[in-house]
Structures are given as C-alpha cells and as structure tokens.
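Before any comments, here is the structure.
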Amino acid sequence: MSDYAERYERSLKSIMDRKCGCWKCLESRAEVRIQMIVCPTCGCKRCPKASNHELACTGSNEPGQLGSVYA
C-alpha cells in the first residue's frame with residue numbers, strides 16, 4: 001500500500017472515530033485532508049480555530065487572521 005493510501009485510510013478512521021479535524025491535528029497524525037476543514041464553532045474555513053483547535057473562534061471568514069493557515 002502506498003504512503004498516500006495509508007494516510008488516507010488513517011484519515012477515514014479518524015473521521016469515523018470523531019477525532020479533531022483541524023489542520024494542526026491532521027498534520028500531527030500524518031493524515032491527508034479528505035474533507036473541507038472548517039471551524040467546529042462557526043463553520044468558517046479561515047477562522048483560526050479551523051487551523052488549530054487550541055485557538056479561539058473569531059466567527060469570521062476574513063483572510064489574514066492571525067493563526068489561520070489562510071494568513
């Protein structure tokens with residue numbers, strides 16, 4: 001099985017196990033993004049909490065927010 005396929009399988013298992021899906025957690029578990037990553041509180045993709053679950057939710061989808069992968 002290829003490295004990508006293994007990472008994809010881990011991602012599917014994490015979704016089924018309801019693990020955190022922020023960018024930081026995906027990287028720490030060496031998983032691939034297989035669904036859109038949004039803040040669990042406000043639903044915005046540019047919210048810093050979508051990038052790192054430890055950051056506060058801003059409720060904003062404005063680009064350039066501190067802590068967001070969309071800086």
Side-chain angles (χ1 to χ4, degrees):
M1 186 181 282
S2 72
D3 180 55
Y4 180 82
E6 290 174 12
R7 294 174 65 188
Y8 188 88
E9 289 294 322
R10 281 197 301 270
S11 296
L12 287 174
K13 183 167 177 6
S14 289
I15 290 170
M16 302 254 319
D17 293 343
R18 296 183 174 257
K19 291 184 178 178
C20 180
C22 73
W23 284 100
K24 179 183 176 184
C25 288
L26 287 178
E27 289 176 5
S28 71
R29 294 190 304 256
E31 296 176 1
V32 295
R33 182 178 64 92
I34 58 176
Q35 60 186 16
M36 185 169 178
I37 299 173
V38 296
C39 172
T41 305
C42 70
C44 296
K45 74 175 189 176
R46 293 184 187 99
C47 178
K49 191 171 186 79
S51 299
N52 180 343
H53 67 269
E54 296 173 345
L55 299 175
C57 172
T58 60
S60 172
N61 209 27
E62 290 296 317
Q65 296 184 67
L66 187 62
S68 174
V69 295
Y70 295 98

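Counting from 1, the numbers follow the sequence of the chain as shown. Note that the coordinates shown come from a computational prediction; the quantities given were computed from them, not determined experimentally.
The side-chain hydrogen bond (donor to acceptor under 3.5 Å, both in side chains) pairs that include a residue from residues 61-71 are Thr58-Gln65, where partners are two or more places apart or lie in different chains. Listed by first then second residue, pairs satisfying side-chain hydrogen bond (donor to acceptor under 3.5 Å, both in side chains) with a partner in residues 43-53 number zero, not counting sequence neighbours.
The side-chain contact (heavy atoms from CB on, under 4.5 Å) check on Glu9 picks up Met1, Leu12, with sequence neighbours excluded. Arg10 is linked by a side chain to side chain donor-acceptor pair (under 3.5 Å) to nothing, counting only residues two or more places apart in sequence or in another chain. A search for salt bridge (charged side-chain N to carboxylate O under 4.0 Å, His left out) contacts involving Glu6 returns nothing, not counting sequence neighbours. For Ala56, the side-chain contact (heavy atoms from CB on, under 4.5 Å) criterion is met by no residue, not counting sequence neighbours.
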Could you pull out all donor-acceptor pairs under 3.5 Å where a side-chain atom in residues 33-44 meets a protein atom, sequence neighbours excluded?
none

Return all side-chain donor-acceptor pairs below 3.5 angstrom for residues 16-23, not counting sequence neighbours, or 'none' if the list is empty.
unit_1	atom_1	unit_2	atom_2	d
Asp17	OD2	Lys13	NZ	2.8

*asked:* Does Arg7 form a side-chain contact (heavy atoms from CB on, under 4.5 Å) with Arg29? I'd like the steps, not just the answer.
replied: CA-CA 9 Å; Arg7 294 174 65 188; Arg29 294 190 304 256; over 6 Å; no
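Applying the under-4.5 Å side-chain rule to Ile, Leu, Val, Met, Phe, Trp and Tyr, the cluster around Leu55 consists of that residue alone.
Under the 4.5 Å side-chain contact rule for hydrophobic residues, Leu26 and Val69 share a cluster.
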